[in-house]
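So you know, we letter chains A, B, ... as the sequences are listed, proteins then strands, and number each from 1. None of the values given here were measured: they were computed from a predicted structure.
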Amino acid sequence: MQNEMLDNEQIKHLLNDILEIHGYDFLEYSFASIKRRVTRLYTLDNFSNFSLFCQKVKNDQAYFKRFLEEITVNVTEMFRDPTFYRSLREEVLPHLGTYPFIRIWIAGCSSGEEAFSLAILLDELNLLHKSLIYATDINPSVLERAKSGVFPLAYLKQYSENYLYSGGTKDFSSYYTANYNSAKFDERLLKKMIFSTHNLVSDHSFNEFQLIMCRNVLIYFDKTLQNKVFNLFDESLDKLGFLALGSKESLDFWANITRYKRVKTEKIWRKLQ
Amino acid sequence: MAQTAINQKCAAVIIGGSAGSLDVLLEVFPALKPHLGFPILLVIHRKSGSASVLINLLQSKTQLEVQEAEEKTILAPDTVYIAPADYHLLIEHNKMLSLDYSEKVNYSRPSIDVTFQSAADVFKDALVCILLSGSNADGVEGLIAVCNQGGMAVIQNPDTATMPYMPQQAVLNVNKHLILNSFEMADFINNLSHSSQKTD
(Lines give C-alpha, C1' and ligand atoms only; values in the text may rest on other atoms or scores of the structure.)
Protein backbone atom coordinates (compact mmCIF):
# COMPACT_ATOMS: atom_id res chain seq x y z
CA MET A 1 0.00 0.00 0.00
CA GLN A 2 1.09 3.53 -0.74
CA ASN A 3 4.25 2.58 -2.57
CA GLU A 4 3.35 5.10 -5.17
CA MET A 5 3.92 8.55 -3.75
CA LEU A 6 2.13 11.28 -5.58
CA ASP A 7 3.96 14.38 -6.70
CA ASN A 8 3.96 17.33 -4.26
CA GLU A 9 3.12 19.90 -6.91
CA GLN A 10 0.17 17.86 -8.18
CA ILE A 11 -1.24 17.69 -4.67
CA LYS A 12 -0.76 21.40 -4.01
CA HIS A 13 -2.52 22.08 -7.29
CA LEU A 14 -5.46 19.90 -6.24
CA LEU A 15 -5.67 21.63 -2.84
CA ASN A 16 -5.76 25.02 -4.59
CA ASP A 17 -8.57 23.84 -6.86
CA ILE A 18 -10.51 22.51 -3.88
CA LEU A 19 -10.30 25.89 -2.17
CA GLU A 20 -11.50 27.62 -5.30
CA ILE A 21 -14.32 25.21 -6.14
CA HIS A 22 -15.51 23.88 -2.79
CA GLY A 23 -14.30 26.61 -0.42
CA TYR A 24 -12.37 24.26 1.86
CA ASP A 25 -8.85 25.47 2.62
CA PHE A 26 -6.30 22.71 3.23
CA LEU A 27 -3.30 24.80 2.20
CA GLU A 28 -2.20 25.42 5.78
CA TYR A 29 -2.48 21.79 6.84
CA SER A 30 0.73 19.88 7.63
CA PHE A 31 1.74 18.80 4.18
CA ALA A 32 3.20 15.35 4.97
CA SER A 33 -0.03 14.36 6.62
CA ILE A 34 -2.41 15.69 3.97
CA LYS A 35 -0.25 14.15 1.25
CA ARG A 36 -0.46 10.80 2.98
CA ARG A 37 -4.24 11.10 3.31
CA VAL A 38 -4.67 12.01 -0.37
CA THR A 39 -2.35 9.19 -1.46
CA ARG A 40 -4.23 6.78 0.80
CA LEU A 41 -7.62 7.69 -0.70
CA TYR A 42 -6.21 7.57 -4.25
CA THR A 43 -4.92 4.04 -3.60
CA LEU A 44 -7.99 2.92 -1.61
CA ASP A 45 -10.34 3.90 -4.44
CA ASN A 46 -8.13 2.23 -7.06
CA PHE A 47 -7.29 5.26 -9.12
CA SER A 48 -4.38 4.93 -11.51
CA ASN A 49 -4.55 8.35 -13.08
CA PHE A 50 -4.16 11.43 -10.93
CA SER A 51 -5.93 13.84 -13.24
CA LEU A 52 -9.00 11.56 -13.31
CA PHE A 53 -8.92 11.56 -9.53
CA CYS A 54 -8.70 15.37 -9.49
CA GLN A 55 -11.61 15.70 -11.92
CA LYS A 56 -13.78 13.54 -9.71
CA VAL A 57 -12.84 15.45 -6.54
CA LYS A 58 -13.52 18.74 -8.28
CA ASN A 59 -16.73 17.97 -10.16
CA ASP A 60 -18.49 15.14 -8.36
CA GLN A 61 -20.19 16.50 -5.20
CA ALA A 62 -20.87 13.04 -3.80
CA TYR A 63 -17.24 12.06 -4.26
CA PHE A 64 -16.05 15.29 -2.69
CA LYS A 65 -18.12 14.40 0.36
CA ARG A 66 -16.20 11.14 0.55
CA PHE A 67 -12.92 13.01 -0.03
CA LEU A 68 -13.67 15.34 2.87
CA GLU A 69 -14.50 12.46 5.19
CA GLU A 70 -11.42 10.45 4.26
CA ILE A 71 -8.92 13.30 4.13
CA THR A 72 -9.75 14.49 7.63
CA VAL A 73 -8.86 12.05 10.39
CA ASN A 74 -11.92 10.77 12.24
CA VAL A 75 -10.28 8.28 14.56
CA THR A 76 -11.45 8.82 18.12
CA GLU A 77 -12.76 6.97 21.17
CA MET A 78 -14.79 7.67 24.28
CA PHE A 79 -12.71 8.66 27.30
CA ARG A 80 -9.57 8.46 25.18
CA ASP A 81 -6.57 9.27 27.44
CA PRO A 82 -8.38 8.41 30.68
CA THR A 83 -6.03 10.59 32.77
CA PHE A 84 -7.17 13.60 30.75
CA TYR A 85 -10.80 12.89 31.63
CA ARG A 86 -9.84 12.32 35.26
CA SER A 87 -8.30 15.78 35.22
CA LEU A 88 -11.47 17.27 33.68
CA ARG A 89 -13.55 15.56 36.35
CA GLU A 90 -11.35 16.60 39.26
CA GLU A 91 -9.60 19.85 38.29
CA VAL A 92 -11.70 21.57 35.63
CA LEU A 93 -15.43 20.86 35.75
CA PRO A 94 -15.82 21.58 39.50
CA HIS A 95 -14.73 25.18 38.73
CA LEU A 96 -17.51 25.46 36.16
CA GLY A 97 -20.12 24.45 38.70
CA THR A 98 -20.34 28.03 40.00
CA TYR A 99 -21.63 29.36 36.66
CA PRO A 100 -25.42 29.57 36.25
CA PHE A 101 -25.03 28.18 32.76
CA ILE A 102 -22.10 26.25 31.27
CA ARG A 103 -21.20 26.53 27.60
CA ILE A 104 -18.66 24.10 26.18
CA TRP A 105 -17.25 23.97 22.65
CA ILE A 106 -15.79 20.76 21.26
CA ALA A 107 -13.98 21.86 18.10
CA GLY A 108 -13.35 18.96 15.74
CA CYS A 109 -15.83 16.65 17.45
CA SER A 110 -15.80 14.03 14.67
CA SER A 111 -18.42 11.33 15.31
CA GLY A 112 -19.22 12.63 18.80
CA GLU A 113 -17.32 10.28 21.15
CA GLU A 114 -15.79 13.17 23.11
CA ALA A 115 -19.12 14.99 23.38
CA PHE A 116 -20.75 11.91 24.90
CA SER A 117 -17.83 11.34 27.26
CA LEU A 118 -18.07 14.92 28.46
CA ALA A 119 -21.86 14.75 28.85
CA ILE A 120 -21.41 11.67 31.05
CA LEU A 121 -18.87 13.51 33.22
CA LEU A 122 -21.20 16.51 33.54
CA ASP A 123 -24.04 14.20 34.45
CA GLU A 124 -22.04 12.54 37.21
CA LEU A 125 -21.09 15.95 38.62
CA ASN A 126 -24.75 17.05 38.53
CA LEU A 127 -23.92 19.78 36.00
CA LEU A 128 -25.54 18.40 32.87
CA HIS A 129 -28.90 20.10 33.45
CA LYS A 130 -27.30 23.55 33.16
CA SER A 131 -24.76 22.72 30.42
CA LEU A 132 -24.80 22.97 26.67
CA ILE A 133 -22.16 21.28 24.51
CA TYR A 134 -21.56 22.86 21.11
CA ALA A 135 -19.90 20.14 19.06
CA THR A 136 -18.56 21.21 15.69
CA ASP A 137 -16.67 19.63 12.83
CA ILE A 138 -15.65 20.56 9.30
CA ASN A 139 -17.27 17.39 8.06
CA PRO A 140 -21.10 17.14 7.76
CA SER A 141 -21.22 13.34 7.40
CA VAL A 142 -19.49 12.61 10.72
CA LEU A 143 -21.86 15.05 12.43
CA GLU A 144 -24.80 13.00 11.15
CA ARG A 145 -23.33 9.96 12.88
CA ALA A 146 -22.68 11.94 16.06
CA LYS A 147 -26.29 13.16 16.16
CA SER A 148 -27.60 9.60 16.07
CA GLY A 149 -25.93 8.76 19.40
CA VAL A 150 -25.36 5.26 18.08
CA PHE A 151 -21.94 3.61 18.31
CA PRO A 152 -20.71 0.14 17.31
CA LEU A 153 -21.13 -2.23 20.23
CA ALA A 154 -17.73 -3.78 19.55
CA TYR A 155 -15.98 -0.60 20.77
CA LEU A 156 -17.89 -0.36 24.02
CA LYS A 157 -15.63 -2.72 25.95
CA GLN A 158 -12.66 -0.42 25.34
CA TYR A 159 -14.75 2.68 26.12
CA SER A 160 -15.97 1.11 29.31
CA GLU A 161 -12.38 0.37 30.42
CA ASN A 162 -11.35 3.94 29.57
CA TYR A 163 -14.31 5.22 31.56
CA LEU A 164 -13.30 3.25 34.64
CA TYR A 165 -9.64 4.39 34.37
CA SER A 166 -10.85 7.97 34.08
CA GLY A 167 -12.48 7.73 37.49
CA GLY A 168 -15.98 6.70 36.43
CA THR A 169 -17.89 5.04 39.24
CA LYS A 170 -21.09 3.86 37.60
CA ASP A 171 -21.86 0.91 35.40
CA PHE A 172 -20.97 2.28 31.95
CA SER A 173 -23.71 0.20 30.35
CA SER A 174 -26.30 2.27 32.24
CA TYR A 175 -25.68 5.05 29.69
CA TYR A 176 -26.73 3.10 26.62
CA THR A 177 -29.10 0.49 25.30
CA ALA A 178 -27.51 -2.33 23.35
CA ASN A 179 -29.32 -3.47 20.26
CA TYR A 180 -27.80 -6.12 17.98
CA ASN A 181 -24.41 -4.65 17.06
CA SER A 182 -24.93 -1.14 18.23
CA ALA A 183 -25.23 0.89 21.41
CA LYS A 184 -27.66 3.78 21.52
CA PHE A 185 -26.75 6.39 24.10
CA ASP A 186 -29.33 8.14 26.31
CA GLU A 187 -31.42 10.90 24.74
CA ARG A 188 -30.84 12.73 28.01
CA LEU A 189 -27.16 13.20 27.03
CA LEU A 190 -27.94 14.01 23.41
CA LYS A 191 -30.41 16.73 24.42
CA LYS A 192 -27.55 18.80 25.81
CA MET A 193 -25.58 18.79 22.56
CA ILE A 194 -25.79 21.03 19.54
CA PHE A 195 -24.02 19.70 16.47
CA SER A 196 -22.99 22.05 13.70
CA THR A 197 -20.43 22.37 10.93
CA HIS A 198 -17.63 24.80 11.66
CA ASN A 199 -14.37 25.18 9.82
CA LEU A 200 -11.53 26.28 12.10
CA VAL A 201 -9.63 27.58 9.08
CA SER A 202 -12.27 29.97 7.79
CA ASP A 203 -15.12 30.38 10.29
CA HIS A 204 -15.26 32.88 13.12
CA SER A 205 -15.96 32.80 16.81
CA PHE A 206 -19.68 32.18 17.44
CA ASN A 207 -20.09 32.35 21.22
CA GLU A 208 -18.26 32.58 24.53
CA PHE A 209 -17.40 29.41 26.36
CA GLN A 210 -16.14 28.30 29.76
CA LEU A 211 -14.42 25.28 28.25
CA ILE A 212 -13.09 24.67 24.76
CA MET A 213 -11.85 21.20 23.86
CA CYS A 214 -9.89 20.68 20.66
CA ARG A 215 -7.94 17.45 20.82
CA ASN A 216 -5.80 15.98 18.05
CA VAL A 217 -6.92 18.50 15.48
CA LEU A 218 -4.07 21.01 15.65
CA ILE A 219 -1.43 18.38 14.92
CA TYR A 220 -2.71 18.48 11.33
CA PHE A 221 -2.23 22.25 11.01
CA ASP A 222 0.95 24.14 10.25
CA LYS A 223 2.28 26.65 12.79
CA THR A 224 0.69 29.71 11.18
CA LEU A 225 -2.72 28.08 11.18
CA GLN A 226 -2.24 26.80 14.73
CA ASN A 227 -1.62 30.37 15.86
CA LYS A 228 -4.72 31.61 14.06
CA VAL A 229 -6.80 28.92 15.74
CA PHE A 230 -5.35 29.75 19.16
CA ASN A 231 -6.44 33.36 18.60
CA LEU A 232 -9.90 32.15 17.63
CA PHE A 233 -10.10 30.08 20.82
CA ASP A 234 -8.84 33.02 22.86
CA GLU A 235 -11.63 35.22 21.47
CA SER A 236 -14.17 32.50 22.22
CA LEU A 237 -13.09 31.78 25.78
CA ASP A 238 -14.47 33.51 28.88
CA LYS A 239 -12.04 34.92 31.40
CA LEU A 240 -11.05 32.02 33.69
CA GLY A 241 -12.23 29.59 31.04
CA PHE A 242 -10.32 26.43 30.14
CA LEU A 243 -8.72 25.28 26.89
CA ALA A 244 -7.99 21.55 26.50
CA LEU A 245 -5.74 20.19 23.75
CA GLY A 246 -4.59 16.71 22.72
CA SER A 247 -1.82 14.99 24.66
CA LYS A 248 0.82 15.88 22.02
CA GLU A 249 -0.34 19.42 21.36
CA SER A 250 0.84 22.57 23.10
CA LEU A 251 0.03 26.21 23.56
CA ASP A 252 3.65 26.92 24.55
CA PHE A 253 4.74 28.62 21.32
CA TRP A 254 1.72 30.89 21.04
CA ALA A 255 2.45 34.61 21.57
CA ASN A 256 -0.21 35.12 24.26
CA ILE A 257 0.68 32.11 26.38
CA THR A 258 1.51 34.40 29.33
CA ARG A 259 -2.20 35.11 29.79
CA TYR A 260 -2.78 31.41 30.40
CA LYS A 261 -1.82 29.06 33.19
CA ARG A 262 -1.30 25.34 32.70
CA VAL A 263 -3.46 23.03 34.82
CA LYS A 264 -1.16 20.39 36.31
CA THR A 265 0.24 17.78 33.95
CA GLU A 266 -2.50 17.44 31.33
CA LYS A 267 -2.64 19.68 28.24
CA ILE A 268 -5.20 21.99 29.81
CA TRP A 269 -4.73 25.74 30.18
CA ARG A 270 -6.78 28.31 32.10
CA LYS A 271 -7.28 31.82 30.79
CA LEU A 272 -6.23 34.31 33.46
CA GLN A 273 -7.24 37.65 31.98
CA MET B 1 29.84 -6.26 5.33
CA ALA B 2 29.51 -2.78 6.75
CA GLN B 3 32.38 -1.59 4.59
CA THR B 4 30.18 -1.52 1.51
CA ALA B 5 28.17 1.31 2.97
CA ILE B 6 30.77 3.64 4.41
CA ASN B 7 30.26 6.17 1.65
CA GLN B 8 26.51 6.23 1.97
CA LYS B 9 25.66 9.84 2.64
CA CYS B 10 23.16 10.16 5.39
CA ALA B 11 20.72 12.89 6.42
CA ALA B 12 18.91 10.66 8.91
CA VAL B 13 18.87 7.13 10.25
CA ILE B 14 15.51 5.64 11.10
CA ILE B 15 15.31 2.45 13.11
CA GLY B 16 12.09 0.47 13.16
CA GLY B 17 11.46 -2.48 15.42
CA SER B 18 8.89 -4.50 17.26
CA ALA B 19 9.05 -7.47 19.61
CA GLY B 20 12.67 -8.26 20.43
CA SER B 21 14.10 -4.97 19.17
CA LEU B 22 14.79 -3.35 22.53
CA ASP B 23 17.71 -5.71 23.23
CA VAL B 24 19.28 -4.64 19.95
CA LEU B 25 18.92 -0.94 20.80
CA LEU B 26 20.47 -1.55 24.22
CA GLU B 27 23.42 -3.21 22.49
CA VAL B 28 23.80 -0.55 19.78
CA PHE B 29 23.29 2.67 21.76
CA PRO B 30 26.29 2.49 24.13
CA ALA B 31 28.63 2.12 21.13
CA LEU B 32 27.34 5.10 19.11
CA LYS B 33 29.60 8.12 18.64
CA PRO B 34 28.34 11.28 20.39
CA HIS B 35 28.81 13.31 17.21
CA LEU B 36 27.16 11.54 14.32
CA GLY B 37 26.21 14.62 12.33
CA PHE B 38 22.66 13.38 11.67
CA PRO B 39 19.55 12.56 13.74
CA ILE B 40 18.30 9.08 14.60
CA LEU B 41 14.56 8.41 14.65
CA LEU B 42 13.11 5.39 16.43
CA VAL B 43 9.77 3.83 15.62
CA ILE B 44 9.26 1.03 18.09
CA HIS B 45 5.95 -0.78 18.60
CA ARG B 46 4.95 -0.66 22.23
CA LYS B 47 2.10 -0.25 24.65
CA SER B 48 0.95 3.32 25.11
CA GLY B 49 2.06 5.36 28.06
CA SER B 50 5.59 4.01 28.38
CA ALA B 51 7.41 6.86 26.61
CA SER B 52 9.44 8.17 29.51
CA VAL B 53 10.58 4.70 30.51
CA LEU B 54 12.02 4.02 27.07
CA ILE B 55 13.53 7.51 26.82
CA ASN B 56 15.24 7.23 30.21
CA LEU B 57 16.46 3.73 29.46
CA LEU B 58 18.04 4.71 26.15
CA GLN B 59 19.34 8.03 27.49
CA SER B 60 21.25 6.10 30.13
CA LYS B 61 23.06 4.26 27.32
CA THR B 62 24.20 7.11 25.08
CA GLN B 63 25.62 10.63 25.01
CA LEU B 64 23.30 11.54 22.15
CA GLU B 65 20.28 13.46 23.37
CA VAL B 66 17.20 11.24 23.52
CA GLN B 67 13.74 12.81 23.37
CA GLU B 68 10.17 12.00 22.44
CA ALA B 69 9.34 13.26 18.96
CA GLU B 70 7.12 16.34 19.25
CA GLU B 71 5.11 17.82 16.43
CA LYS B 72 6.70 20.82 14.63
CA THR B 73 10.18 20.02 15.97
CA ILE B 74 12.94 20.57 13.40
CA LEU B 75 15.29 17.60 13.28
CA ALA B 76 18.67 18.36 14.80
CA PRO B 77 21.82 16.25 14.41
CA ASP B 78 23.10 14.04 17.23
CA THR B 79 19.61 13.74 18.64
CA VAL B 80 17.46 10.64 18.98
CA TYR B 81 13.71 11.12 18.45
CA ILE B 82 11.33 8.42 19.64
CA ALA B 83 7.91 8.22 17.99
CA PRO B 84 5.30 8.64 20.74
CA ALA B 85 3.03 5.71 21.48
CA ASP B 86 -0.30 5.83 19.64
CA TYR B 87 0.73 8.41 17.00
CA HIS B 88 2.24 7.99 13.53
CA LEU B 89 5.40 10.00 12.99
CA LEU B 90 5.79 11.85 9.67
CA ILE B 91 8.52 14.10 8.30
CA GLU B 92 7.78 17.36 6.49
CA HIS B 93 9.87 18.69 3.64
CA ASN B 94 11.57 21.25 5.84
CA LYS B 95 12.69 18.35 8.12
CA MET B 96 10.01 19.21 10.61
CA LEU B 97 8.24 16.41 12.46
CA SER B 98 4.48 15.89 12.23
CA LEU B 99 2.30 13.60 14.30
CA ASP B 100 -0.79 11.90 13.00
CA TYR B 101 -3.52 10.04 14.85
CA SER B 102 -5.08 8.31 11.88
CA GLU B 103 -6.00 4.64 11.51
CA LYS B 104 -3.49 2.02 12.60
CA VAL B 105 -1.37 0.60 9.78
CA ASN B 106 -0.41 -3.09 10.09
CA TYR B 107 -2.29 -3.04 13.41
CA SER B 108 0.34 -0.56 14.57
CA ARG B 109 0.47 3.07 15.61
CA PRO B 110 3.16 4.26 15.31
CA SER B 111 3.62 2.31 12.12
CA ILE B 112 7.15 1.80 10.82
CA ASP B 113 5.89 1.81 7.21
CA VAL B 114 4.35 5.26 7.66
CA THR B 115 7.57 6.86 8.95
CA PHE B 116 9.86 5.07 6.46
CA GLN B 117 7.62 6.12 3.53
CA SER B 118 7.30 9.69 4.69
CA ALA B 119 11.06 10.00 5.29
CA ALA B 120 11.88 8.38 1.93
CA ASP B 121 9.80 11.06 0.25
CA VAL B 122 11.81 13.80 1.96
CA PHE B 123 15.37 12.46 2.26
CA LYS B 124 15.45 10.42 -0.97
CA ASP B 125 18.90 8.81 -1.36
CA ALA B 126 20.27 10.33 1.84
CA LEU B 127 18.18 8.08 4.06
CA VAL B 128 19.24 4.95 5.91
CA CYS B 129 16.47 2.81 7.41
CA ILE B 130 17.13 -0.16 9.64
CA LEU B 131 14.50 -2.81 10.37
CA LEU B 132 14.97 -4.93 13.48
CA SER B 133 13.35 -7.93 15.12
CA GLY B 134 9.57 -8.18 15.15
CA SER B 135 6.65 -10.49 14.60
CA ASN B 136 4.62 -8.70 11.97
CA ALA B 137 5.52 -7.26 8.57
CA ASP B 138 5.31 -3.55 9.42
CA GLY B 139 8.32 -1.79 7.90
CA VAL B 140 8.65 -3.97 4.80
CA GLU B 141 6.61 -1.69 2.49
CA GLY B 142 8.47 1.22 4.01
CA LEU B 143 11.87 -0.26 3.18
CA ILE B 144 10.72 -0.82 -0.41
CA ALA B 145 9.79 2.88 -0.61
CA VAL B 146 13.20 3.82 0.81
CA CYS B 147 14.96 1.72 -1.87
CA ASN B 148 12.77 3.17 -4.63
CA GLN B 149 13.97 6.63 -3.65
CA GLY B 150 17.61 5.55 -3.64
CA GLY B 151 17.95 5.29 0.12
CA MET B 152 19.49 2.38 1.94
CA ALA B 153 17.61 -0.54 3.50
CA VAL B 154 19.35 -2.35 6.33
CA ILE B 155 17.86 -5.46 7.90
CA GLN B 156 18.79 -7.21 11.11
CA ASN B 157 20.03 -10.71 10.38
CA PRO B 158 16.87 -12.82 10.86
CA ASP B 159 19.01 -15.73 12.10
CA THR B 160 20.02 -13.75 15.15
CA ALA B 161 16.81 -11.77 15.66
CA THR B 162 14.69 -12.71 18.68
CA MET B 163 11.60 -12.48 16.46
CA PRO B 164 12.75 -13.26 12.92
CA TYR B 165 9.46 -12.75 11.03
CA MET B 166 9.77 -9.02 10.38
CA PRO B 167 13.39 -9.07 9.13
CA GLN B 168 12.67 -12.27 7.16
CA GLN B 169 9.79 -10.61 5.32
CA ALA B 170 12.05 -7.67 4.56
CA VAL B 171 14.82 -9.91 3.19
CA LEU B 172 12.27 -11.66 0.95
CA ASN B 173 10.62 -8.50 -0.36
CA VAL B 174 13.19 -5.73 -0.45
CA ASN B 175 15.43 -6.19 -3.49
CA LYS B 176 18.42 -4.21 -2.45
CA HIS B 177 19.34 -4.55 1.18
CA LEU B 178 22.19 -4.97 3.60
CA ILE B 179 21.97 -7.58 6.35
CA LEU B 180 23.72 -6.80 9.62
CA ASN B 181 24.07 -8.54 12.95
CA SER B 182 23.22 -6.47 15.98
CA PHE B 183 26.90 -6.27 17.03
CA GLU B 184 27.78 -4.73 13.63
CA MET B 185 25.16 -2.00 13.70
CA ALA B 186 26.85 0.63 15.89
CA ASP B 187 29.99 0.54 13.71
CA PHE B 188 27.86 0.80 10.61
CA ILE B 189 26.00 3.87 11.91
CA ASN B 190 29.21 5.49 13.21
CA ASN B 191 30.76 5.19 9.76
CA LEU B 192 27.93 6.80 7.83
CA SER B 193 29.01 10.20 6.61
CA HIS B 194 26.52 12.94 7.29
CA SER B 195 24.94 14.60 4.32
CA SER B 196 24.53 18.33 3.99
CA GLN B 197 21.70 17.64 1.58
CA LYS B 198 19.26 20.50 1.46
CA THR B 199 15.58 19.73 1.30
CA ASP B 200 13.08 22.30 0.15
Could you list the residues that satisfy side chain to side chain contact (heavy atoms under 4.5 Å, CB included) with N136(B), not counting sequence neighbours?
H45(B), N106(B), S108(B), D138(B), M166(B)

K9(B) and D125(B) ion-paired at < 4.0 Å
yes

Is it the backbone or the side chain of T72(A) that comes under 4.5 Å from a heavy atom of chain B, or both, or neither?
neither

Nearest-0.5 Å distance that lies between atom CG in N162(A) and atom CD in E113(A):
11.5 Å

Taking side chain as everything from C-beta outward and backbone as N, CA, C, O, which of these in S102(B) sits under 4.5 Å from a heavy atom of chain A? Side chain, backbone, both or neither.
both

So which of I219(A), T83(A), V73(A) has the biggest tally of heavy-atom pairs under 4.5 Å with chain B?
I219(A)

In terms of heavy-atom proximity below 4.5 Å to chain A, should E70(B) be classed as side chain, backbone, both, or neither?
neither

Heavy atoms, side chains only, cut-off 4.5 Å: are K267(A) and R215(A) in contact?
no

